Amino acid sequence: MKIQAVKGTRDFYPPQMRLHNWILEGWKEVSLRNGFEEYDGPIFEHLKMYEQKSGEEIAEQLFSFEDRGGRGLAIRPEITPTLARMVNQRINALPKPIKWFSVPRVCRAERPQKGRLREFYQWNIDIIGVEDIVADAEVILCSVDYLRQTGLTEKDIVVKISSRKMLGKLLEACEIEQELHTGIYAALDKKAKIPEDAFEKLLEEKLPDQDKREKLLEIFATKQLSDLQENLQYSSEAAEAIDELIRLFSLLKSMGISEYCEFDIGIVRGLAYYTGTVFEIHDREGELRAICGGGRFDSLLKDFGGPSIPATGMGMGDCVLEILLREKGIISEEMPKPPVNYFIAVMDDELVETAAGLAAKLRLAGLSAEFSYKKAKMKKLMKQASETGAEKSIILGGEYIENKQIVLKNMETSEQRTVDYKQFCDELKYSEPNQENSEK
Ligand code: HAM
């Protein structure tokens, strides 16, 4: 029986793993310089945690199971509920504000498609304990900081920003009942992904009243935040929420990233817990799904039995990001391997043991070393050395057998010199860090 990988999962062979690590290391580096500390949680949690708070879409995409005691569990589809649970557990002990990041491997039972898999990695950054919208700006800055670091520019990506609070107040101003809001958000979240008539049909299901629907469609057609402000026949609460969003744009300008950012009333996010700012980063051409998404979730900790404490953050998956970075020629499987300091070429089978011993000496001295497991012709050995990415080769052959000498070859310049084996090893020992310490 030939066993295949599960649909929607990936195998990371070493070239893909190098590329993958490049993405993950970038995420970590940028998180740290933006002042976030790393955390992680378990890969599965109680099923009810996600059913209650992540919203319908995610609840339908859970990989869930029962443990032997009949408890309903689920593999994490995201880490935000875990974060809320963890922070609540230590709420009094943790210094605020909390700025944490994580790179969990998560699973969603989605229909696999371009940029959407059933298992992926997701960079998360969150700030807990800051009510001011400056924290939302900081989350956006950190996301853009990473994408800029990869080499993407404002010509490649755009941060689309709106506010669920503002939208909620606008819906209220249109006298749309509170219990219909979630359904309307879910419909709006699909707007950009489905044809216009399908969206209108969906909206009709969620909001049967035609007059209200027409008012709403007019609001959804707004292109500029200033238009909303100017046509303000809405409530003072809506005006306040609009002002707050205007301040966010002003902060983003002060941070020097306004060319990346624009207002988009269509951004509402599928997850149920967002309460304020919501944003997504997309490719400028709009051909791919969102690279990342986030926003403010001021009630999640309280809903999980903790205190009322504001929170904001974002999640960026590795799938769409990788597609975009490949399309822009920023990454490819040809990414270089980390350099190997020495390749030991064996020209006689009786020298394999010596080669293994020498490789061990080099490694124990903190250098990277590879060796050929059996003898071969010089041409083949040098090819092997180049494929390994070695900086230098050590040739163990006739000179060694006759008078314990090795040939050192610089792989870049092809310069060669013969060196006494013992002397080479002695010098190595001398540079060995542990040895130096123990001598002191
Ligand atoms: P989300 O919008 O569900 O938000 O996911 C955020 C990002 O994860 C997406 O923009 C996408 O890059 C990636 N993603 C989601 N589903 C898939 C999938 N099936 N395959 C590949 N990538 C995917 C959240 O998860 C929130 N918890 C983010 C957050 C953190 N909000 C506040 N803090």
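Both counts, for ligands and for their atoms, begin at 1 and track the order of listing. It should be emphasised that the depicted structure is a prediction, and the values quoted were computed from it without experimental measurement.
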Distance under 4.0 Å to a non-hydrogen atom of [X]: what atoms of ligand 1 satisfy this?
X	result
Gly293	10 (O), 28 (C)
Glu110	16 (N), 17 (C), 18 (C), 19 (N)
Gly115	20 (N), 21 (C), 22 (N)
Phe297	32 (C), 33 (N)
Arg269	1 (P), 2 (O), 4 (O)
Tyr274	26 (C), 28 (C), 29 (C), 31 (N), 32 (C)
Asp126	30 (C), 32 (C), 33 (N)
Gly313	31 (N), 32 (C), 33 (N)

One thing to verify: whether [Y] and [X] come together as a salt bridge, which I'm taking to mean a side-chain N less than 4.0 angstrom from a carboxylate O.
X	Y	result
Arg148	Glu259	no
Glu205	Lys201	no
Lys193	Asp189	yes
Arg76	Asp40	yes

Between [X] and ligand 1, is there a nitrogen or oxygen pair with a distance under 3.5 Å?
X	value
Ile79	no
Cys319	no
Gly294	no
Gln122	yes

Sequence neighbours excluded, every pair satisfying side-chain hydrogen bond (donor to acceptor under 3.5 Å, both in side chains) that has a member inside residues 12-22: Gln16-Glu333

Candidate pair Leu83 and Ile98, rule side chain to side chain contact (heavy atoms under 4.5 Å, CB included), full reasoning: CA-CA 11 Å; Leu83 169 73; Ile98 294 162; 5.6 Å; no

Which option, [options], owns the non-hydrogen atom nearest [atom]?
atom	options	answer
atom 11 (C) of ligand 1	Gln113, Arg116, Met316	Arg116
atom 10 (O) of ligand 1	Pro112, Ala109, Cys292, Gly8	Cys292
atom 27 (N) of ligand 1	Gln61, Glu78, Arg118, Arg108	Glu78
atom 28 (C) of ligand 1	Gly315, Gly317, Cys107	Gly315

Check contact between [X] and ligand 1, using heavy atoms of the residue and a distance below 4.0 angstrom.
X	answer
Ala311	no
Asn124	yes
Tyr273	yes
Glu280	no

Distance-only polar pair, side chains of Ser31 and Glu38, donor-acceptor under 3.5 Å: no

Considering non-hydrogen atoms of the protein only, which is the closest contact for [atom], and what is the distance?
atom	result
atom 22 (N) of ligand 1	Phe120 CD1, 3.4 Å
atom 24 (C) of ligand 1	Leu271 CD1, 3.4 Å
atom 20 (N) of ligand 1	Leu117 N, 2.9 Å

Proximity of Ile291 to ligand 1 by residue part, where a heavy atom lies under 4.0 Å: backbone

Distance flag, aromatic centroids of Trp27 and Tyr121, threshold under 6.0 Å: no

Where Ser143 and Met316 come nearest, the two heavy atoms and their spacing: O-CE, 4.2 Å

For the student: nearest non-hydrogen atoms of Lys206 and Ala187, plus distance: CG-CB, 4.2 Å

Backbone of Pro77 reached by a side-chain donor or acceptor of Arg108 within 3.5 Å: yes

Whether Trp100 and Tyr39 hold their rings parallel, tilted or perpendicular, with breakpoints at 30° and 60°: tilted

Phe199 and Phe220 aromatic ring geometry - parallel, tilted or perpendicular at 30°/60° bounds: tilted

Ile219/Cys174 under side chain to side chain contact (heavy atoms under 4.5 Å, CB included): CA gap, chis, key distance, verdict: CA-CA 10 Å; Ile219 292 177; Cys174 297; 3.6 Å; yes

